[in-house]
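The structure appears below as structure tokens.
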Amino acid sequence: MAYFAQLLTQKTHTLRLPKRSTDDIQRLVQMHQSTSVERAPFRRQLDFWAFSIATALAEDLDPLEGPSSNWGVKFVDTRAVDMPEPLCDILAVAAFHRLGSDHAGIDDPAQIIEVGNCLAGAGCPVVLDQLNSRDLRLNPLDNVLNFAAHLYNHARLKRT
């Protein structure tokens with residue numbers, strides 16, 4: 001189902017994360033430092049962005065209001081990064097859910113990416129709160145894995 005991956009990367013669309021969180025995010029991303037995966041559990045900012053979207057969806061958070069250009073900072077364009085097919089499919093489903101089937105931009109790649117940006121903006125503070133744990137026994141990777149397990153279990157419980 002490469003349709004959405006092709007649709008979302010045919011033209012350049014900007015991926016954004018909240019400006020106020022830039023330093024915290026970069027501390028958790030490997031490409032910004034030479035450190036172990038335990039200290040920087042995300043290989044790319046795209047991975048952090050995707051995890052923030054997953055968090056927003058799992059926690060049923062409302063997307064941030066307003067255009068992401070007002071509150072966000074660009075970290076990459078869709079044509080400059082490898083957008084995995086499953087992520088593109090999730091973005092399309094999330095946009096369909098958030099915008100509704102009657103929305104004029106439901107098949108507009110820019111609208112789909114904007115929904116992703118706004119969901120990432122909503123999930124980002126939750127992710128950072130979880131990963132900035134003061135528990136000295138846990139490193140950031142431990143926190144990511146524990147939080148991902150919590151989100152998975154929470155989502156399973158909501159379905160039953």
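Numbers for residues simply follow the sequence, beginning at 1. Values in this document were obtained by computation on a predicted structure and should not be read as measured data.
- Between the Asn132 side chain and the Asp129 main chain, no donor and acceptor come within less than 3.5 Å of each other.
- A donor-acceptor pair is defined here as one N or O able to donate and one able to accept, closer than 3.5 Å; such a pair exists between the side chain of Asn117 and the backbone of Thr14.
- The line from CG of Leu28 to CD of Gln45 is 10.5 Å long, rounded to the nearest 0.5 Å.
- Under the 4.5 Å side-chain heavy-atom criterion for grouping Ile, Leu, Val, Met, Phe, Trp and Tyr, Val93 is not connected to Leu7 through any hydrophobic cluster.
- In plain terms, the two heavy atoms of Glu85 and Ala5 that are nearest each other are CG-CB, 3.8 Å.
- In terms of heavy atoms, Ala120 sits closest to Leu17 at CB-CD2, 4.1 Å.
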*asked:* Could you walk me through whether Arg98 and Asp62 satisfy the side chain to side chain contact (heavy atoms under 4.5 Å, CB included) test, starting with their C-alpha distance in whole Å, then the side-chain angles of each, then the deciding distance to 0.1 Å, before giving a yes or no?
replied: CA-CA 9 Å; Arg98 292 294 176 178; Asp62 290 327; 3.8 Å; yes

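- The aromatic rings of Phe42 and Phe48 lie perpendicular to each other, with more than 60° between the two planes, well past the 30° mark.
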*Full working for side chain to side chain contact (heavy atoms under 4.5 Å, CB included) between Leu61 and Leu119*: CA-CA 8 Å; Leu61 301 175; Leu119 286 168; over 6 Å; no

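- The minimum heavy-atom distance linking Ala50 with Leu87 is given by the pair CB-CD1, 3.9 Å.
- Taking every heavy atom of both residues into account, Val37 and Gln30 meet most closely at CG2-NE2, 3.2 Å.
- A distance of 7.5 Å separates NE2 in His103 from CD1 in Ile106, rounded to the nearest 0.5 Å.
- Annotation: the span from Cys118 atom SG to Leu64 atom CG amounts to 6.0 Å, rounded to 0.5 Å.
- Atom OG1 of residue Thr12 and atom CD1 of residue Ile113 lie 11.0 Å apart, to the nearest 0.5 angstrom.
- The cluster map of Ile, Leu, Val, Met, Phe, Trp and Tyr, joined by side-chain heavy atoms under 4.5 Å apart, puts Trp49 and Val76 in the same cluster.
- Both Ile25 and Val126 sit in one connected hydrophobic cluster of ILVMFWY residues. Membership requires side-chain heavy atoms under 4.5 Å apart, directly or through other members.
- A donor-acceptor contact shorter than 3.5 Å links the side chain of Asp47 to the backbone of Arg44.
- A donor-acceptor contact closer than 3.5 angstrom is absent between the side chains of Arg16 and Asn70.
- Smallest separation of non-hydrogen atoms from Pro109 and His13: CB-NE2, 3.5 Å.
- No continuous path of hydrophobic side-chain contacts links Leu141 to Val29 [ILVMFWY only; heavy atoms under 4.5 Å].
- Remark: side-chain polar atoms of Ser52 are not paired, donor with acceptor, to backbone N or O of Gly121 under 3.5 angstrom.
- Distance OG1/Thr9 to CG/Asp77: 12.0 Å, rounded to 0.5 Å.
- A continuous path of ILVMFWY side-chain contacts below 4.5 Å connects Phe75 to Val81, so both sit in one hydrophobic cluster.
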_Criterion side chain to side chain contact (heavy atoms under 4.5 Å, CB included) on Leu99 and Gln111, from CA distance to verdict_ = CA-CA 9 Å; Leu99 298 175; Gln111 288 285 325; 4.3 Å; yes

*asked:* Walk me through whether Phe96 and Ile112 qualify under side chain to side chain contact (heavy atoms under 4.5 Å, CB included).
replied: CA-CA 8 Å; Phe96 184 82; Ile112 294 170; over 6 Å; no

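- With Glu114 contributing its side chain and Ser68 its backbone, the two residues share a donor-acceptor pair below 3.5 Å.
- Scanning for salt bridge (Lys or Arg N to Asp or Glu O under 4.0 Å) contacts around Asp23 gives an empty result, with sequence neighbours left out.
- In this structure, Met83 CE and Leu91 CG are separated by 5.5 Å, a value rounded to the nearest 0.5 Å.
- In terms of heavy-atom proximity, Trp71 sits nearest to Gly66 at NE1-O, 3.5 Å.
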